[in-house]
Amino acid sequence: MILVTRLLVFRARITTLEGMVNPEDDIPFFGDNEEPVQMATASGGIAARALAARNRHSEPATYLNGLNPEQKRAVETIDGPVLVLAGAGTGKTRVLTTRIAHILAVGKAYPSQILSVTFTNKAAREMKQRIGVLVGGAVEGMPWLGTFHSIGVKILRRHAELVGLRSDFTILDTDDQIRLLKQLIKAEGLDDKRWPARQFAMMIDGWKNKGLGPVDIPEGDARAFANGKGRQLYEAYQNRLKTLNAADFGDLLCHPIRIFRTHPDVLKEYHKKFRYILVDEYQDTNTAQYMWLRLIAQGSHNVCCVGDDDQSIYGWRGAEVDNILRFEKDFPGAAVIRLERNYRSTAHILGAAAHLISHNEGRLGKTLYTELADDEHDKVIVHAAWDSEEEARALGEEIEQQQRHGHKLNDMAILVRASFQMREFEDRFVTLGLNYRVIGGPRFYERLEIRDAMAYLRVVCQPADDLALERIINTPKRGLGEAAIRQVHDYARARDIPMLQAAGDLIMTEEMKPRPRKSLTDVVENFRRWSSLLETMPHTELASQILEESGYTDMWQNDRSADAPGRLDNLKELIRSMEDFESMRAFLEHISLVMDTDRNENLDAVSIMTLHSAKGLEFETVFLPGWEEGLFPHQRALDEGGRSALEEERRLAYVGLTRAKINCHIWFVSNRRIHGMWQSTIPSRFLDELPSEHADVAEPESSYGGYGTSSVGGGYGASRFDKAEPFSGSYDTPGWRRAQANRNDATRQNWGSRSGHAVERVGYGETDSGYGAGRTSVKSPVIDGELVAKSVADEPSSFTIGDRVFHMKFGNGNVAGIEGNKLTIDFDKAGQKRVLDNFVDKKQ
DNA sequence: CATTGGAGCGACAAA
DNA sequence: CGCTCCAATG
């Protein structure tokens, strides 16, 4: 009852607002979904109640309670440009959401007049949910809360015709993009092996990240691909997209920018529209996003960007940390607010992270502090494991241990550098029966059968979608082979019409052989019928009808292979998930933009995800496996990117550490399988950047220990880590120094001796000695003049077929084949394996 | 035209 | 290792 009263008061307040707003300022925009919203609904909301309370007693709003002075300032400074430099765990999201609540509460804007941009769908979802807590149902009136891409689509659909598209354009994913590019490269008469479409797709992505169209790209870039045909191909690609009525991810930003620039009247609408602009993760904006934002922000100047330069991890995607550094120049008079009090992590975790990140040079420099005492908490713990299998096993045991101590699986996460690391954990957890959830891993919508089904739906919704048609025109098999498809394709290209239309024309002629002609007629008629049902039949029903009538479900039912039933299940799941959308088009748009599905929200499960997708999240316990040179920092960063790439890797490590609230466990292994071959690895340099006051090495003898006891070929002696002393100062022999200088070799090989005595752990004395400048030639690691390993065989292998050999992991075996320095060995116990010759000893 | 097997190759991160 | 592409066969 009391609640109801408060809501009424709040509602009254909103009504007043309506009165206050100059009608001119609120030009009805897109109508339907943007009616002025009733802010408080049955669910109420803190801000709503707070405001109600304030109205009665003139008290400060309670939603501001509990904010520290800086946070409060960031929330209340709503007019003019504001830059919030918010370190990890300093309540960034809270500031953003409270700020929105505040803007609404003081009546400065309608929910629909706030533009709020995030990077990931997850962040958008979370923000929406948290705003909902504050302002209740008013959040439903915020159509402009979303990712750059989803907001870009929304704008583009409204003005598609200004860039030569129709508003029902298709959004192509990377896969479609590559297939299309491959066609174009071939059509140009180029060798698609020499000029891989994948690489060209990346170049185009890069250009679009900078907001460059075909005419804008630098001459050098244009020449770099396909014998100087780069620009021409890019142009052809854009033209083809137009014909296909399609846009790729980059276009979702670039097209709106072009529209804003060429149509000031359109831009003006948005200037009036967006009274307040908020941007999350500003350090990750790329040039295109930055331009987009600046164009829009010219209107109100009420732009608030929140970011942390230490968490900039998307440089490879074109992010410009500069954007955050030059904010004050771009928006003169900007208020800059620093949030440095960390509410998330223990002092140990914070201390470890801070020390690590201090090795970076290019940063604004913030000092995070916490008021949590650290004497009762564990340090960051570093574990060593023999290989990735054992890493998974030990990590699994650690999780079970935690579980026995009453910790929820939901509070634990495994954060990996690269997604291929995930599988090992999944395998292990399946055998353990441990619940896990993979976030952003191999995704539902990337499965073959799902993509096929989607292709059918795409053609029905958007008949010009040739890529989709080509995908399924002969799936299931209908006798429309390469020849027939080419015929349709050529016919279509010659007349510049969509393939489906071409097919429709072609079957009326005598040009085709009878058999394919009959099949093609069926296809064309089917699609015509399905399209005509689009407006009348419920979309889920239509979808299952399409899959039935096309013979697609039959195809899998007749399939005797083991995974066919699973695929049928997935198709059912696809149809089921369509129910949540109001139309087939809405469904298609959703999945092209947000590929992630997290079902089973209420299941208690460990999360497995990449470090990149972990940004913004937090967990009680965080596991960070795979801290080895070459994996983390990643080899490509070491080889190509120089110092800045390495610093980005370090920021990634920083992000990983700062996800943890209480416990943080790091793992490194000495053997990892890369490309199916076992390679020896050395611990990541980042481990040496953890200060010993905040990081400990796990005792090898603890419950998960037993490194040397691999099941295969076991009993080859003590663990190499028995005497590991990771944080014990530096080694200083000449050979050690040379080894360090050379450690940027393409392959990290067999460090230390193989005879079982203590391993020489990397003890970088000074941080800048081992890497950075001066990598002129690639050499193999050398210890005291002895060549330890080499990645490329420049001389014949010293082994011959039939040699009896011994391998650390697999035990004894016979050499069965030799290719360069790669040996195929029949092991007595482990079967046939391929290994590098450095890892086996010849027996006399 | 479809199926099959083998060679060859490749890979980081995401909307 | 796992995928795609190609050539050789049914």
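Stacking annotation: A/Phe420 is not stacked on the base of B/dA11 (requires ring centroids less than 5.5 angstrom apart and an interplanar angle below 30 degrees).
Between the side chains of A/Thr475 and A/Asp452, not a single donor N or O lies within less than 3.5 Å of an accepting N or O.
The closest side-chain heavy-atom distance from A/Arg458 to A/Asp176 is below 4.5 Å.
Between the CG atom of A/Leu520 and the P atom of B/dC1 there is a distance of 12 Å, given to the nearest Å. Here B/dA15 presents its C1' atom at 14 Å from CD1 of A/Ile591, a figure rounded to the nearest Å. As a whole-Å value, the separation of A/Glu482 CD from B/dA2 C1' is 13 Å. Nucleotide B/dA15 holds its P atom 10 Å from the CZ atom of A/Arg125, rounded to whole Å. When rounded to the nearest whole Å, the span between CD1 of A/Ile674 and P of C/dG2 equals 16 Å. One can place CD of A/Gln177 at 13 Å from C1' of B/dA14, the figure rounded to the nearest angstrom. One can place CG of A/Asp192 at 15 Å from P of C/dT4, the figure rounded to the nearest angstrom. Between A/Arg198 atom CZ and B/dC12 atom P the separation is 9 Å, expressed in whole Å.
A sub-4.0 Å separation between OP1 or OP2 of B/dC1 and a side-chain N or O of A/Arg515 is absent. Dashed line: the shortest gap from a side-chain N or O of A/Lys193 to OP1 or OP2 of C/dC5 is not under 4.0 Å. Put simply, A/Lys182 has a side-chain N or O that comes within less than 4.0 Å of OP1 or OP2 on C/dC5. A/Arg423 has a side-chain polar atom (N or O) that falls below the 4.0 Å cut-off from OP1 or OP2 of C/dG2. For A/Ser150 and B/dA15, the shortest distance from a side-chain N or O to OP1 or OP2 is not below 4.0 Å. A close approach under 4.0 Å does not occur between any side-chain nitrogen or oxygen of A/Thr120 and OP1 or OP2 of B/dA15. In this model, the phosphate group of B/dA14 is not approached by any side-chain N or O of A/Arg317 to a distance below 4.0 Å at OP1 or OP2.
Among the protein residues, A/Phe119 comes within range of the sugar-phosphate backbone only, with heavy atoms under 4.0 Å from sugar or phosphate atoms but none that close to a base.
The existence of a salt bridge linking A/Glu649 and A/Arg417 is confirmed by a sub-4.0 Å separation between a basic side-chain nitrogen and an acidic carboxylate oxygen. Using a 4.0 Å cut-off between charged side-chain N and carboxylate O, A/Arg179 and A/Glu470 make no salt bridge.
When the nucleotides B/dT3, B/dC1, B/dC12 are ranked by their closest atom to the side chain of A/Ala418, B/dC12 comes out on top. If you check B/dA14, B/dA15, B/dC12 against the side chain of A/Thr147, the one that comes closest is B/dA15. Distances from the side chain of A/Thr610 to the nucleotides B/dT3, B/dA14, B/dA15 place B/dA14 closest. Of all nucleotides listed (B/dA13, B/dA15, B/dA14), B/dA13 comes nearest to the side chain of A/Ser419.
Here the side chain of A/Lys208 pairs no donor or acceptor atom with the backbone of A/Asp248 at under 3.5 angstrom. Put simply, the side chain of A/His634 gets close to the backbone of A/Arg636: a donor and an acceptor are under 3.5 Å apart.
Mapping A/His675 and A/Asp205 onto DNA chain B by nearest heavy atom places A/His675 closer to the 5' end of the strand. Of the residues near DNA chain B, A/Asn474 and A/His612, the one whose nearest nucleotide (by heavy atom distance) lies more toward the 5' end is A/Asn474.
Atom name P, nucleotides C/dC6 and B/dA11: the rounded distance is 16 Å, in whole Å.
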